[in-house]
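Reviewing the structure listed below.
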There are 2 protein chains.
Amino acid sequence: MRWGAGSVSGDMTRTAVLAILARHGGLSRAEIAEQLELSPATITTITRRLLDAGLVEEGEPRTSHTGRPSIPLELVPDSAHALGVQVAHEHVTGVLTQLDATVVHGFRHPFDPSRPDAVDVLTTLIRSEIESAAERRLPLLGVGIAVPGVVEPETGTLRMSVRLGWTGMPLAARMRAALGVPVFVDNDISAVTAAERLYGAGADCADFLLVAIGEGIGLGMVLDGAPYRGAAGAAGEFGHMPILQDGPVCSCGNRGCLETQVSTESLLRRARELGIVGPAASLEDLRAVAAEGDQAGLDLLHRAGELLGRALAGSVNLLGPERVVVIGEISMLWPFLAASFHRALADHLLPCVRETSIDTRPWADDLIAIGAAGIVLATPLAAPRQSIRSGV
Amino acid sequence: MRWGAGSVSGDMTRTAVLAILARHGGLSRAEIAEQLELSPATITTITRRLLDAGLVEEGEPRTSHTGRPSIPLELVPDSAHALGVQVAHEHVTGVLTQLDATVVHGFRHPFDPSRPDAVDVLTTLIRSEIESAAERRLPLLGVGIAVPGVVEPETGTLRMSVRLGWTGMPLAARMRAALGVPVFVDNDISAVTAAERLYGAGADCADFLLVAIGEGIGLGMVLDGAPYRGAAGAAGEFGHMPILQDGPVCSCGNRGCLETQVSTESLLRRARELGIVGPAASLEDLRAVAAEGDQAGLDLLHRAGELLGRALAGSVNLLGPERVVVIGEISMLWPFLAASFHRALADHLLPCVRETSIDTRPWADDLIAIGAAGIVLATPLAAPRQSIRSGV
DNA sequence: GCAAGATAATTTACGCCCGAATTAAAGGGG
DNA sequence: CCCCTTTAATTCGGGCGTAAATTATCTTGC
């Protein structure tokens, strides 16, 4: 049993230092200490190791008005790279990033997880990426893989993924054996949430929610500074919040889940059923129809925004986060959801959490892959020392 | 900013050891280590200090089948006492407990928080309790005070309490100055949750929710082993989960909050409005009417159970706790709510969280006061050493 | 009776973080 | 010019927790 804090974080402090330097380079040790709420002594120790490892460099001392000059620290962005891969039910998306999480190379391939040799296909695909990185002499820390489903991140085992149809898959072990490189596996939303914690909205914020709305609806949480996954690793099922008294049956078997009203899949389905778009229409088509002012389409989206706002208000009241970020393919439809969404929020948020900032973020196809790379970057020195420069 | 764990827990480990001995005495160091998932070395260190302080005693070595005999440890229950006080908007309830959280003395007085000298009245009242404990030569660790509202537990300041009408009240500091005894202040639900974590449902469970339904509805969370209070200390507003599309206006100003349908106050109000009970009826009267089979009354309660079940299902889906405990004065009406509550839960819980155990607990008037005493017991050695035996 | 094995508890060395004291490196005033 | 102030960074000792080795104390088999 976990008794309070202490056993949770592994290398989080080191990771936080790297991440803060990735965001604004040139910070001095003292500034890092202040922002991370750690003692200068700790930062001295950590940065010494990072300097030794060549991940960080000192700049020219910067003389301020008075007192001893501070020494700005900078990441050495190409001193380490990470390969991040998102495995989805129709394609595999990947990025190669530098230590500062900037993407140097991206790829996307169709993928069929139902094939019996799906994992071998995936392995081959990743191996070729590793080899091409090796040819360019890019030191690689490892591979991060983000999958939909319930994952044990410690072992890198995929316990169950409805979307991929995989169960009890020791993915990290299999990949590690095949690739000879450290492999980390995590849930897709968790990966994005962790990356957001390090490089994005969570950088200055210890309590935030990340709502991801695409074909499904997921929610990642950072609470008291740490990602929260629930007792059995299954927390975050925001999409299955009951929101309608007697709504349609959801894929989970229950009725009236938020996901039946707001996910891109359900919106498309309902738009087709209502004849708003044709039977083979895409999300883009739905957007176009709404942009043209189709009333039925706009009503559908307004309604969705309202339900989302109401459900989110309840969750924000419950958890009292400092910030909420909404991402996902839904962002394409956002112009038509935003008004009713924010009205519903305003109508249902408690006064004491009204200050919660709620941002929507444009979607990018490689966001989850970047998150997967973030898993690797978050563990830069956890593996034995040689892995840092070992390349392949 | 809090970066992951590490900065959170103060003396939690020591507290956990005391609590586990309070629950089942006679555990050996090795057993404690296993249950707490700490190393035997740690337990050796901690128990040495507790033995030195006289809070714990060794029993007769207990020879098992093979190997070195284990030494059972026992709390010395009367080696320390705590005074726990619940301040509510109509009365003050208090208990004096031993180190093992058993109550040795209780009291309850009417109280009017709106009086300008309310804090002085409270101080006088507590002082007399401290004195009577001193007369009985009971060593007192300190006073814990549980109040409704948003509290900064570190400073013991009550930031805002709608129910008491107090704002920005440095309660702990004032009481400490007046009483000369360590004083700890926390939110009422937080106090009960923390006590539950130590002595109750949370003892073997690192992720649980505690739902308290009385005049209002509150929710306490223990996530990853630690109490969670939200970014601004305002998390847990389960009562203001939007649950009805266009429900009545709630005390928070919004519409359709759960609290307008399920709290004892709202149930009584609606029962009166519907003529189910008389205009001056009590909760007991409502219970009696329902027990006699009054259909309108039963319908009202069924409906409340259903709404509660649906709202709770959403929260459980979101947080994925291992256990949920429902407490509060509502327990009186539980026989009439239970069926619809559990049906609604079953209809809306995701398969992956169906195993979550959901218990309802009979209410006791001094539960929150006991929780307040728990705040003190959770800090037994945090204060300088002499406070342990100092008495008054 | 005595070695072998099992379990309990403790000791030791270490990692991580902190607070406090110390050292380093400027600028400014008499 | 020297000393004081200011800010940055480091060192040092200590607390908390761990893992591994060690010590303690029992049972069992020969």
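Just so we're on the same page: letters track the sequence lines, and every chain starts at 1. Just so we're clear, the structure is a prediction, and the values are computed from it rather than from any experiment.
Each of T193(B), L223(B), T356(B), V324(B) was scored for a side-chain contact (heavy atoms from CB on, under 4.5 Å) with F208(B), with one residue passing: T193(B).
dT10(C) atom P lies 6 Å from atom CD1 of I71(B), rounded to whole Å. Look at CZ on R29(B): it is 19 Å from P on dT7(C), rounded to the nearest Å. Straight-line distance from the CZ atom of R62(B) to the C1' atom of dT27(D): 17 Å, rounded to whole Å. To the nearest angstrom, C1' of dA9(C) lies 12 Å from CD1 of I32(B). L36(B) places its CG atom 15 Å from the C1' atom of dT18(D), with the value rounded to the nearest Å. Rounded to an integer number of Å, the gap from R49(A) CZ to dC17(C) P is 8 Å. Atom-to-atom, CD of E58(B) to P of dA8(C) comes out at 15 Å; the value is rounded to the nearest Å.
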* What do the steps show when you test R29(B) against E34(B) for salt bridge (charged side-chain N to carboxylate O under 4.0 Å, His left out), and what is the final call? -> CA-CA 9 Å; R29(B) 292 170 179 80; E34(B) 194 188 355; over 6 Å; no
* Asked: Is there a side-chain hydrogen bond (donor to acceptor under 3.5 Å, both in side chains) between D100(B) and Y199(B) once you walk through the steps?
  -> CA-CA 9 Å; D100(B) 59 358; Y199(B) 305 104; over 6 Å; no
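D204(A) has a carboxylate O that lies under 4.0 Å from a charged side-chain N of R323(A), or vice versa, which qualifies the two as a salt bridge. Remark: R229(B) does not engage E152(B) in a salt bridge, criterion side-chain N to carboxylate O under 4.0 Å. Using a cutoff of 4.0 Å between basic side-chain nitrogens and carboxylate oxygens, R62(A) and E31(A) are scored as salt-bridged.
If you check every strand for non-hydrogen atoms under 4.0 Å, R48(A) touches sugar and phosphate atoms only.
For the pair L73(A) and L21(A), the tightest heavy-atom approach, listed with the atom from each and the gap, is O-CD2, 3.5 Å. Nearest heavy atom pair, residue A231(A) against residue P321(B), reads CB-C, 4.0 Å. Contact detail for F184(B) and I375(B): the closest heavy-atom pair is CB-CG2, 3.6 Å. Between L99(A) and V76(A) the shortest heavy-atom distance is CD2-O, 4.0 Å.
No side-chain donor-acceptor contact under 3.5 Å links T42(A) and T45(A).
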So which protein N/O to nucleotides 18-22 of chain C N/O distances come out below 3.5 Å?
unit_1	atom_1	unit_2	atom_2	d
dC18(C)	OP1	S39(A)	N	3.4
dC18(C)	OP2	S39(A)	N	3.0
dC18(C)	OP2	S39(A)	OG	3.0
dC18(C)	OP2	T42(A)	OG1	2.1

Got a list of protein N/O to nucleotides 4-7 of chain D N/O distances below 3.5 Å?
unit_1	atom_1	unit_2	atom_2	d
dT6(D)	O2	G67(A)	N	3.4
dT7(D)	O2	R68(A)	N	2.6

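Of the side-chain N and O atoms in T44(A), one or more sit less than 4.0 angstrom from OP1 or OP2 of dT10(D). Dashed line: the shortest gap from a side-chain N or O of S70(B) to OP1 or OP2 of dT7(C) is not under 4.0 Å.
End-to-end axis angle of the helix from dG1(C)-dC30(D) to dG30(C)-dC1(D), using five pairs per end and rounding to 10°, comes to 40°.
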